[in-house]
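Letters A, B, ... are given to chains in the order of the sequence lines, protein chains preceding strands, and every chain is numbered from 1.
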2 protein chains.
Amino acid sequence: MPIKSNDPAKKSWIPVSDNSDFPIQNIPFGVFLTRDDIITIGTRIGDHAIDLGALHQLGYFKDIPLTDDIFLQDTLNDFISDGKKTWRLVRNRISEIFDANNPELKNNEDHKKIVLFTMDEIEMQLPVQIGDYTDFYSSKEHATNVGKMFRDPENALLPNWLHIPVGYHGRSSSIVPSGTPIHRPMGQTLPAGSDEPIYGPSKLVDFELEMAFITTDANVLGETIPVNEAENYIFGMVLFNDWSARDIQKWEYVPLGPFLAKNFASSISPWIVTMDALEPFRVESPKQEPQPLPYLQQTGKKGFDINLEVDITPENGESTTVTKSNFKYMYWTMSQQLAHHTVNGCKVNSGDMMGSGTISGPTPDSYGSMLELTWRGEKPLKLKDGTERKFIQDHDTVTIRGFCEKSGVRIGFGEVSSKLLPVYQSKKK
Amino acid sequence: MPIKSNDPAKKSWIPVSDNSDFPIQNIPFGVFLTRDDIITIGTRIGDHAIDLGALHQLGYFKDIPLTDDIFLQDTLNDFISDGKKTWRLVRNRISEIFDANNPELKNNEDHKKIVLFTMDEIEMQLPVQIGDYTDFYSSKEHATNVGKMFRDPENALLPNWLHIPVGYHGRSSSIVPSGTPIHRPMGQTLPAGSDEPIYGPSKLVDFELEMAFITTDANVLGETIPVNEAENYIFGMVLFNDWSARDIQKWEYVPLGPFLAKNFASSISPWIVTMDALEPFRVESPKQEPQPLPYLQQTGKKGFDINLEVDITPENGESTTVTKSNFKYMYWTMSQQLAHHTVNGCKVNSGDMMGSGTISGPTPDSYGSMLELTWRGEKPLKLKDGTERKFIQDHDTVTIRGFCEKSGVRIGFGEVSSKLLPVYQSKKK
């Protein structure tokens with residue numbers, strides 16, 4: 001079935017500004033609270049959100065086999081479970097409904113009043129109930145930088161790194177949508193030169209520039225997903241800030257990996273951009289040397305050219321872009337990550353989320369964390385307001401943006417933006 | 001409110017054999033499929049399962065504030081969300097209904113036909129939807145054994161171990177109830193003496209003798225649970241076999257911890273035994289030296305005296321008990337684990353599961369894994385059928401049992417029993 005919704009010549013009757021992330025070629029999926037305080041599944045064109053639950057009730061999807069309440073839900077999980085064929089039918093149909101040449105809804109003022117919202121009328125929610133969340137560590141530049149800083153500069157990559165898309169499990173319960181403020185975590189750290197840990201607020205709170213993909217039901221327990229079929233089980237992608245407390249991490253992570261250093265909060269952008277929308281932006285992923293084991297050998301272009309950047313905005317201050325990177329730098333692809341994740345039969349469900357790991361580019365201005373950008377704080381960054389940052393300060397807002405651009409079409413992710421607040425003042429004794 | 005259900009003198013009108021894990025003082029909670037193919041929440045006395053959904057519909061809980069459908073669900077999550085006071089009211093009431101001296105249900109044959117099932121009429125399900133699963137590493141004997149084998153015999157414990165209840169995130173999607181067979185996982189391993197990994201079935205599949213606790217909603221994101229309040233947020237406990245592939249683990253786990261070595265399957269016992277039922281079995285936990293940081297300093301008895309044992313049963317063969325351990329050996333208590341888990345504000349939800357880590361006792365016959373019992377395979381175990389085991393073989397069944405005993409009352413967990421099948425034969429290309 002062709003991805004009709006990707007036609008670059010198509011225009012919508014909803015106004016879309018030139019630099020919008022959400023032309024009619026995007027059609028992402030999200031969940032929002034409407035002006036009537038109803039939770040619904042929707043999409044976005046330009047600066048308008050579209051209530052898909054209402055559109056479906058009005059009969060606009062009558063030719064597609066969908067349950068009546070598929071969009072009247074507070075998560076996308078069931079829709080994602082319907083599978084790739086249904087996602088494509090629905091996107092093609094949305095593309096048709098909002099096509100500038102189609103009068104069907106365009107000329108129906110009553111229906112438009114029901115299904116269209118301006119972005120300031122709605123409140124975006126977490127788009128899926130994330131059953132399990134895995135984070136990979138798949139940028140060679142990032143792994144090399146960390147290895148140089150904390151292990152051996154001459155042997156920065158660990159022996160398994162070039163053979164395995166290294167990953168670990170994260171905490172689903174602490175994943176929040178863009179706009180949710182987070183708190184500086186308390187925890188144990190080991191002061192330099194001491195062998196007695198102390199308890200207090202983390203002093204080294206960092207962002208991690210990541211993207212994440214959302215899966216559909218992929219297998220039964222025991223079953224493996226072949227690398228070249230893996231994309232069939234990926235619904236789409238979001239921007240992801242994997243907040244990290246470097247001092248807590250350093251003391252806790254041997255031997256079982258990062259835990260409290262990561263699970264105090266993780267932030268995602270609220271619109272899931274589908275793999276269909278990203279199809280035109282495929283690129284070759286980096287050449288892998290040594291060649292991975294056969295179960296990880298992929299054919300075709302499995303990388304994606306997605307421009308990424310991070311801003312830091314101090315309270316009442318101007319924003320400073322602190323890094324520009326790109327998803328195409330990922331050494332291990334999403335297909336390889338998913339094939340590896342299931343090589344042992346691990347079950348993957350609808351709504352599971354898998355993070356890329358920090359996406360660092362080859363140059364120092366493309367690194368994906370403050371840890372790398374300031375090289376452990378040794379080279380503070382100057383912000384536009386004249387202040388310096390080694391790590392993130394209370395009341396700073398960190399914003400990640402991402403977009404693809406080709407043949408005059410820009411497909412973007414919007415942003416994930418979250419403010420770091422001081423330590424939470426507990427109401428518990 | 002007193003825990004009336006714990007009265008050791010109480011007898012039920014349902015027959016209970018002397019060595020049963022499920023006297024009227026237990027009253028665990030589980031989810032099962034009835035003979036009519038209906039999923040319901042239930043409890044168990046002796047060899048009878050009791051349909052709490054039906055009991056509630058018949059009006060037996062009319063004096064307790066419960067929603068009508070609280071037991072007519074396929075998980076315990078909502079009931080657990082109702083909180084400790086409700087759990088206690090419901091258990092006290094069940095204790096009353098099934099008291100030998102109470103004719104209310106005992107003499108109502110019509111009602112008994114509706115609510116009582118023999119165990120062979122029902123099929124136990126996973127009792128909760130596990131949102132997040134965390135595994136700790138809290139047995140000092142286990143951590144010491146592993147440290148001796150794989151790191152430095154002179155400095156077996158890592159520097160953070162005595163300060164932190166070390167833990168890491170696991171995979172919820174692969175947790176299955178007792179009785180579900182599992183498959184030997186495929187994966188990458190590094191042959192001894194080689195620097196090129198190979199792909200194939202794990203050769204070193206192991207059990208881990210663990211217990212796990214199930215939480216209720218405990219906090220908002222950012223909020224900490226104080227160590228001495230932590231038990232208010234623990235609903236109950238299950239037996240837990242954290243299946244592990246030692247060869248996969250060894251190659252993958254540095255630096256981010258175990259991943260595919262663990263997430264192919266984890267098995268739990270289906271009845272959740274409440275903390276109220278375990279109350280009489282409190283004991284002092286091991287003395288902690290050095291004293292932990294204040295946020296981990298607990299008062300009162302926070303350990304529990306729970307006898308544990310593991311059997312291996314070869315196909316068509318006799319069972320051999322390969323280890324006997326006890327939950328009281330845990331160095332870090334559940335209260336400390338939960339306080340530590342939330343010290344950074346990590347959110348804990350109803351139905352989350354937290355594993356103890358392998359529970360090894362002080363003597364070689366009380367170690368909690370084949371890795372330790374056979375000391376990396378150097379000292380194979382002899383089974384009753386004359387065969388030897390270094391690790392678990394295809395078609396072996398591993399069974400964990402656990403029970404408390406005091407003042408003539410035995411409160412048990414039943415068992416978690418699962419068979420290891422050969423590698424899954426995928427239907428995918």
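With respect to chain B, the highest number of heavy-atom pairs below 4.5 Å among A:Pro290, A:Gly345, A:Pro185, A:Gly167 belongs to A:Gly167. Each of B:Pro159, B:Gly187, B:Gly170 has some count of heavy-atom pairs under 4.5 Å with chain A, and the biggest count is that of B:Gly170. The residue among B:Leu421, B:Asp352, B:Val423 with the most heavy atom pairs within less than 4.5 Å of chain A is B:Asp352. Heavy-atom pairs under 4.5 Å with chain B peak, among A:Pro255, A:Gly131, A:Pro258, A:Ala261, at A:Pro255. Among B:Gln129, B:His163, B:Met186, the residue making the largest number of heavy-atom pairs under 4.5 Å with chain A is B:His163. In terms of heavy-atom pairs under 4.5 Å with chain A, the best-connected choice from B:Tyr137, B:Tyr168, B:Trp161 is B:Tyr168.
From B:Asn160, atom CG reaches atom NZ of A:Lys250 across 13.0 Å, with rounding to the nearest 0.5 Å. To the nearest 0.5 Å, atoms CG (B:Asp132) and OG (A:Ser173) are separated by 4.5 Å. Atom-to-atom distance recorded for B:Leu256:CG and A:Lys262:NZ is 8.5 Å, nearest 0.5 angstrom. Note that CD of B:Glu252 is 6.0 Å distant from NE2 of A:His340, once rounded to the nearest 0.5 Å.
With a 4.5 Å cut-off on non-hydrogen atoms, B:Ile198 touches chain A through its backbone but not through its side chain. Proximity to chain A (any heavy atom under 4.5 Å) is restricted, for B:Leu158, to the side chain, taken from C-beta onward. If you measure heavy-atom distances from B:Arg151 to chain A, the contacts under 4.5 Å come from the side chain alone. With a 4.5 Å cut-off on non-hydrogen atoms, A:Leu260 touches chain B through its backbone and its side chain both. Heavy-atom distances place both the backbone and the side chain of B:Ile164 under 4.5 Å from chain A. With a 4.5 Å cut-off on non-hydrogen atoms, B:Tyr199 touches chain A through its backbone and its side chain both. Looking at B:Asp195, only its backbone comes within 4.5 Å of chain A, counting heavy atoms on both sides. The part of A:Leu296 that comes within reach of chain B is its side chain, from C-beta onward, which places non-hydrogen atoms under 4.5 angstrom from that chain. Neither the backbone nor the side chain of B:Ile175 comes within contact range of chain A; no heavy atom of the residue lies under 4.5 Å from a heavy atom of that chain.
In this structure, the side chains of A:Val348 and B:Arg171 come closer than 4.5 Å at one or more pairs of heavy atoms. At least one side-chain heavy atom of B:Ser174 sits under 4.5 Å from a side-chain heavy atom of A:Leu221. Contact of the B:Gln188 side chain with the A:Tyr295 side chain is registered, since non-hydrogen atoms from C-beta on lie closer than 4.5 Å.
Within 6.0 Å of NZ on B:Lys84 lie more than 12 heavy atoms contributed by other residues, nucleotides or ligands.
Note on ring orientation: taking the six-membered ring where Trp is involved, the planes of A:Phe259 and B:His169 are tilted (angle from 30° to 60°).
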Go through A:Lys347 and B:Asn263 one step at a time and tell me if the side-chain contact (heavy atoms from CB on, under 4.5 Å) criterion holds. CA-CA 8 Å; A:Lys347 180 146 175 49; B:Asn263 66 18; over 6 Å; no
